[in-house]
Amino acid sequence: MSIVSPLIFAGDAALVDLMERAESEIDEALDAADGFHNLGDHEPAAAATRAVRRARHALGRTAGALLRLLPAPLGLRRATELAERYAKRVAADALALDDISMDEAEALRAILTEAFATATSLLYFILNL
């Protein structure tokens with residue numbers, strides 16, 4: 001057995017660990033948004049906005065590292081997987097709301113704008129690799 005095989009296994013394990021930690025960090029941040037409930041009140045809306053910013057920051061930080069440090073196809077695939085998971089979670093939480101007031105709808109729109117503000121810049125970065 002050559003020395004290359006253990007290094008490949010170690011690299012694969014490190015990548016899996018990085019992805020799990022990033023997913024966990026994003027989920028923990030979004031858990032603080034409390035499913036976007038009670039957004040008509042100022043404090044829950046502000047807390048949800050902060051939670052989305054933390055999750056978006058975790059996504060951007062990890063996706064940037066993946067895109068810069070891994071070979072292009074692998075980095076792009078892993079960054080895309082992470083972005084897809086983030087987008088699905090935010091969308092699922094927003095779509096799970098039953099009946100919301102006008103104030104809650106306005107707050108939700110602002111939060112979703114915040115949640116996906118990085119998507120354009122991340123897509124631009126990916127396309128310019």
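FYI, the numbering just counts along the sequence from 1.
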(Q) Quick check for you: to the nearest 0.5 Å, what is the distance between Ile111 atom CD1 and Arg50 atom CZ? (A) 10.5 Å
Q) For Glu81, what residues pass the side chain to side chain donor-acceptor pair (under 3.5 Å) criterion, not counting sequence neighbours? A) none
Q. Can you list the residues that meet the salt bridge (Lys or Arg N to Asp or Glu O under 4.0 Å) rule with Glu20, with sequence neighbours excluded?
A. none
Q: Measure the spacing between CG of Leu39 and CG of Leu97 and express it to the nearest 0.5 Å.
A: 7.0 Å
Q.
Applying the side-chain contact (heavy atoms from CB on, under 4.5 Å) criterion to His57, which one of Arg54, Arg53, Arg61 satisfies it?
A. Arg61
Q | pair Arg85-Asp27: side-chain heavy atoms closer than 4.5 Å | A | yes
Q: State which residues pass side chain to side chain donor-acceptor pair (under 3.5 Å) with Asp17; sequence neighbours excluded, sorted by chain then number.
A: Arg21
Q: Check whether Leu69 and Leu15 end up in the same hydrophobic cluster, where Ile, Leu, Val, Met, Phe, Trp and Tyr are linked by side-chain heavy atoms less than 4.5 Å apart.
A: no
Q | Interatomic distance, Glu84 atom CD to Leu59 atom CG [nearest 0.5 angstrom] | A | 12.0 Å
Q) In Å and rounded to the nearest 0.5 Å, what is the NE2 to CG distance from His37 to Leu108? A) 11.0 Å
Q: Measure across Ala58 and Ile26 and return the closest heavy-atom pair with its distance rounded to 0.1 Å.
A: CB-CG1, 4.0 Å
Q: Identify the heavy atoms of Ala29 and Ala51 that sit nearest to each other, and give their distance.
A: O-CB, 3.0 Å
Q. Are Val52 and Phe116 side-chain neighbours, meaning at least one heavy-atom pair lies under 4.5 Å?
A. no
Q) Do Asp31 and Arg89 pass the side-chain contact (heavy atoms from CB on, under 4.5 Å) test, and can you show the C-alpha distance, the side-chain angles, and the key distance before you say yes or no? A) CA-CA 10 Å; Asp31 286 345; Arg89 169 72 192 273; 2.7 Å; yes
Q. Can you name the closest pair of heavy atoms from Phe36 and Ala48 and give their distance?
A. CD2-CB, 4.1 Å
Q) Which heavy-atom pair separates Asp99 from Glu104 by the least distance, and what is that distance? A) O-OE1, 4.3 Å
Q: First locate atom CD1 of Ile100, then atom CG of Asn38, and finally report the distance between them rounded to the nearest 0.5 Å.
A: 11.5 Å
**Q.** Lys/Arg-Asp/Glu bridge criterion (N-O < 4.0 Å) met for Glu23, Arg78
**A.** no
Q | Taking every non-hydrogen atom, the tightest pair across Ala115 and Tyr86 | A | O-OH, 2.6 Å
